[in-house]
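This is a predicted model, so every value here is computed, not measured. Chain naming here is simple, since letters A, B, ... match the order of the sequence lines and numbering starts at 1 in each.
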2 protein chains.
Amino acid sequence: MKRVTIYDVAREANVSLATVSRVINGSDVVKEATRNKVQDAITKLGYKPNAIAQGLALQRTTTIGLIIPEASFTYIGQIINGLLDVAKIYNYNVMLHTITEGITDAEKIVDVIIKSRVDGVIVYSDKMMEDSITTLNSYNIPIVMIANKASGESLCSVYIDIAKAIRELCNRYIGYGVTDIAVLEDRKNRNSSRLMAHGAKQAFEANGLSWNNYIEIPNEYRSTYRFVRKYFEDHRHGLVIAYRDSQAMAVLNSARENGIAVPDDMEVVCFVDTKYNSAVRPMISSFSIPSYDLGAVSMRVMTKMLENDRVTDKEKCLSYLYTARQTTKHH
Amino acid sequence: MKRVTIYDVAREANVSLATVSRVINGSDVVKEATRNKVQDAITKLGYKPNAIAQGLALQRTTTIGLIIPEASFTYIGQIINGLLDVAKIYNYNVMLHTITEGITDAEKIVDVIIKSRVDGVIVYSDKMMEDSITTLNSYNIPIVMIANKASGESLCSVYIDIAKAIRELCNRYIGYGVTDIAVLEDRKNRNSSRLMAHGAKQAFEANGLSWNNYIEIPNEYRSTYRFVRKYFEDHRHGLVIAYRDSQAMAVLNSARENGIAVPDDMEVVCFVDTKYNSAVRPMISSFSIPSYDLGAVSMRVMTKMLENDRVTDKEKCLSYLYTARQTTKHH
DNA sequence: CAAGCTATTGAAAGCATTTTCAAATAACTT
DNA sequence: AAGTTATTTGAAAATGCTTTCAATAGCTTG
C-alpha cells in the first residue's frame, strides 16, 4: 500500500537516486543502457514522481492559481476552457478559487494562494482589490489580469477595450440620430459596466453632447426587469445597452410586456455575446468577444513570464466584433 | 527576496522549529508566553507556512482534483460554485482539469492527478472511463462521482435519478393520452441522455406500450435545429424532451419556424433548468436540479471520506422539482 | 605507458515542514 | 529538601525529490 518512491526505483534498477532523477527529467548524460534499466524499473513498479517533493526541491509547483468571481457565467466557462487548454499544453496545473464580495474573502484567498506556493496567479475579477495585488507583489508572485484594463502599469493584463467598443457603437447611433441611449449597470461586473458608461460618455462628449444615463440596478433578474419597466415609462424609443445576456433578456421581456416593440421602438444591445444571444428570439445584437482566447492568451502570457521569456507587451488588447441581430434596426 | 521559513521565525523568536511548528498548528502544549513570542515573530516577518513542505511531511496536500468535461455549461458553473464554497469551509484547494473526448486525454489527466498527489478526486464526466477509475483506485485515491449513477458499487456518487424523473413525466403524459414522445440525445451528455431514454422506455413498457423514439443528434445548435425540423415533418403533436437549455431553445425555434405552435401543438420539456429557461419566451418547462448542491454535497462527502468519518451511504440521490412553464399545456 | 580527457555515476546537501522521543524545566508532595 | 509527576521544549529523523561536486571508468594522445 506504500507509495513507491525514487529510492525503490533506484534499488530495483541498481543505480543511485541521482541517476533515476536524471532519467525522469530526461537528462541526456545518462547512458542508454542504464536509462533502459531505470525505465524498466519505473514501469515495473508503476512509479510516478511525487510532484510535491519535486515542488519542494525545485521551488516551483507548476501550478497557477486562478481567481474568478463565480463560475456561473457562460463566458467565464469559455475563459476557463481556454486557460486550461493552454495550461495542459505547458504542463501547468490550475488551482481554482472563487471570490465573493467583501474584503475578508479576498484576504483569505490571497493567504491560501501564498501558502500554496503557486508559481503565478491569473485574476478575473472586479473584486480583486489593490491591497491583494500589492500583497501578491510583495511575495513576488507574477500576476496576469483578465478583462480589466490594468490600473497599475506594472501589471500584465489581457483585456477587451470595452469603452472603445461602446464609444464606437454610440458614435454610430448618434450619427443615426439616436441620442436616448442607456447603459445598464451589472452589479456582478461593475467595472465593466462603468467602462461601458465611460465609452458612452466619451462618444456623446465628442459630439458636443452630455450624457448621464447610467442605470444602476440591483443584481438579480427580477429587479432588472422592474427597473427597466420603470425606465420604459419615460423612454419609449432609443437604445439600451446591457452587459450580460440574461440582463438583455430581462430588458426584452420587460419591453414586450410594456408594449414596446423591439427593435422598432426600442433597440437593445448586449455586450457579451454568448450562444444564448442567438438562441433567443428575437436574437440579441451583441459584441462577440473572444472569451476562449482571453483565457488562452492570459495563460500563455503567464507561462512566458514563468519561463522568463521576457513578455514583450504588458498589455494585450484582444479584438471584438459587433454583430447586429434582431434587436437592432440600425447596422 | 528569499522567502521566510520556519527557521527564520525560530531564530527570531529564539525557540526551536518544533515549537514554531506547534504554534502554527495550534498545538495546545505550548506555553502562552512562548506562543506569543512566536506569533509576534510570525507577523513581524510575514511568515506563511509552505504548504508544499507541509504536504511532503504530512503526506497529504489538502487539495482535491476536479475533473469536468468542459466548463461551458451554465449548470456546471453552479456545481463548481457549490464545490468551492464547501472546499473553502474545510480548507481544501481544488485543482481543475477538463477532459476531452479520447482515451489519451483521460490517461494524461489521471497521470497528472496521481503525480500531483491530490487527496481525492471528484469526477463529473461521461467520459471518465472504467480504466481511469481502476487506475485511480489502484493508487488508492478516493473518488466521488457527480451526477452519474455509480456503475461499480465501491464508488461514492452524488446524483440525480434522471431516469426516474423522465419515467414519471412520461407516465403522466401517457395518462393524458400523449404517446408521441421523443427524447433528444445530447452528445456532450450522452450518459444522461441515455438515462432519459431509459426512463421513457420504462414508462411506456409499464403501460404495455413500446417506445423507440430516441433521436441521436450531432452536437451543435445548428444540427439540432435541422434534425428537429426533420422530425417535425412527421410529428406535429406530442412532447419533445431535451437535456440542455440550448437544445430546448433550438427545438422551440425550429417549431416556430415550421408553424408548429408551442405548447398547443407540440410541448417541450428541458431536463436541466437554468436561468435561461425562465428568461426566454415562452419560458421553458423543466426540472430544476440542485446543481449547486450537487457540487456542495459531493465535496462534503469527499471531506468526510478524507477525515474518515465513515461515509454512511455510498450513494446520495438528490431530489429534483418539475416546473411546468409556458412550453407545456399539461401539468 | 603516463597523462589528460570525457562520459557516467554516486554521495551528500538542500528544500521546508512535522513528529517522535528524550531532556529539561516547573510544579507538586511528602 | 528530595522525590515524583506534569508541562514545555528541542534534537533529529523522516518526507521524496534535485543538483552540485567529486570520483570512477573508459578513451585518446603524445
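- Among the protein residues, Lys115(A) comes within range of no part of the nucleic acid, since none of its heavy atoms lies under 4.0 Å from any strand.
- Nearest nucleotide to the side chain of Ala53(A), out of dT9(C), dT17(C), dC17(D): dC17(D).
- Atom-to-atom, NZ of Lys37(A) to P of dT9(C) comes out at 8 Å; the value is rounded to the nearest Å.
- With rounding to whole Å, Arg11(A) atom CZ is found 12 Å from dG16(D) atom P.
- Under the 4.0 Å criterion applied to side-chain N and carboxylate O atoms, Lys88(B) and Asp105(A) are assigned as salt-bridge partners.
- Distances were taken from every side-chain heavy atom of Asn25(B) (C-beta onward) to each of dG10(D), dT9(C), dT18(C); the shortest belongs to dT18(C).
- Ranking dG10(D), dT9(C), dT18(C) by closeness to the Ile6(B) side chain, first place goes to dT18(C).
- For dG16(D), the base has no donor-acceptor partner in the side chain of Arg117(B) [N/O atoms by modelled type, under 3.5 angstrom].
- A donor-acceptor contact closer than 3.5 angstrom is absent between the side chains of Arg3(B) and Tyr47(B).
- Straight-line distance from the CZ atom of Arg60(A) to the C1' atom of dT18(D): 12 Å, rounded to whole Å.
- Salt-bridge annotation for Asp8(A) and Arg11(A): present, with a side-chain N of the basic residue lying under 4.0 Å from a carboxylate O of the acidic one.
- In terms of position on DNA chain C, the residue among Thr34(A) and Leu17(A) whose nearest nucleotide sits closer to the 5' end is Thr34(A).
- With the nearest nucleotide of DNA chain D identified for both Ala57(B) and Ala18(B), Ala18(B) has the one nearer the 5' end.
- The listed nucleotides are dT19(D), dC15(C), dG10(C); the one nearest the side chain of Leu56(A) is dC15(C).
- Protein atom CD of Glu32(B) is 17 Å distant from nucleotide atom P of dA26(C), rounded to whole Å.
- The side chain of Lys31(A) approaches dT8(C) more closely than any other nucleotide in the set dT19(D), dT8(C), dG10(D).
- What separates NZ of Lys48(A) from C1' of dG16(D) is a distance of 17 Å, to the nearest Å.
- For the pair Ile24(B) CD1 and dT17(C) C1', the interatomic distance rounds to 8 Å; values are reported in whole Å.
- Checked against dT18(D), dG10(D), dT18(C), the side chain of Ser16(B) finds its nearest nucleotide in dG10(D).
- Ser21(B) comes within contact range of at least one nucleobase, with a heavy-atom separation under 4.0 Å.
- Residue Ile52(A) contributes atom CD1, which lies 11 Å from atom C1' of dC17(D) at whole-angstrom precision.
- Within the nucleic acid shown, Val30(A) comes within 4.0 Å of sugar-phosphate atoms alone, with no base atom in reach, counting heavy atoms only.
- Each of Val20(B) and Tyr7(A) was assigned the nucleotide of DNA chain C with the nearest heavy atom; the assignment lying further toward the 5' end belongs to Tyr7(A).
- Across Val118(B) and Ile141(B), no two heavy atoms sit closer than the pair O-CG2, 4.5 Å.
- Asp85(B) and Tyr292(B) are linked by a side-chain donor-acceptor pair at a separation below 3.5 angstrom, with hydrogens and angles left out of the test.
- If you take CD of Gln59(B) and C1' of dG16(D), they are 8 Å apart, rounded to a whole angstrom.
- Across Asn50(A) and Leu56(B), no two heavy atoms sit closer than the pair ND2-CD1, 4.4 Å.
- Nucleotides of DNA chain D nearest to Asn14(B) and Gln54(A) differ in position, and the one nearer the 5' end is that of Asn14(B).
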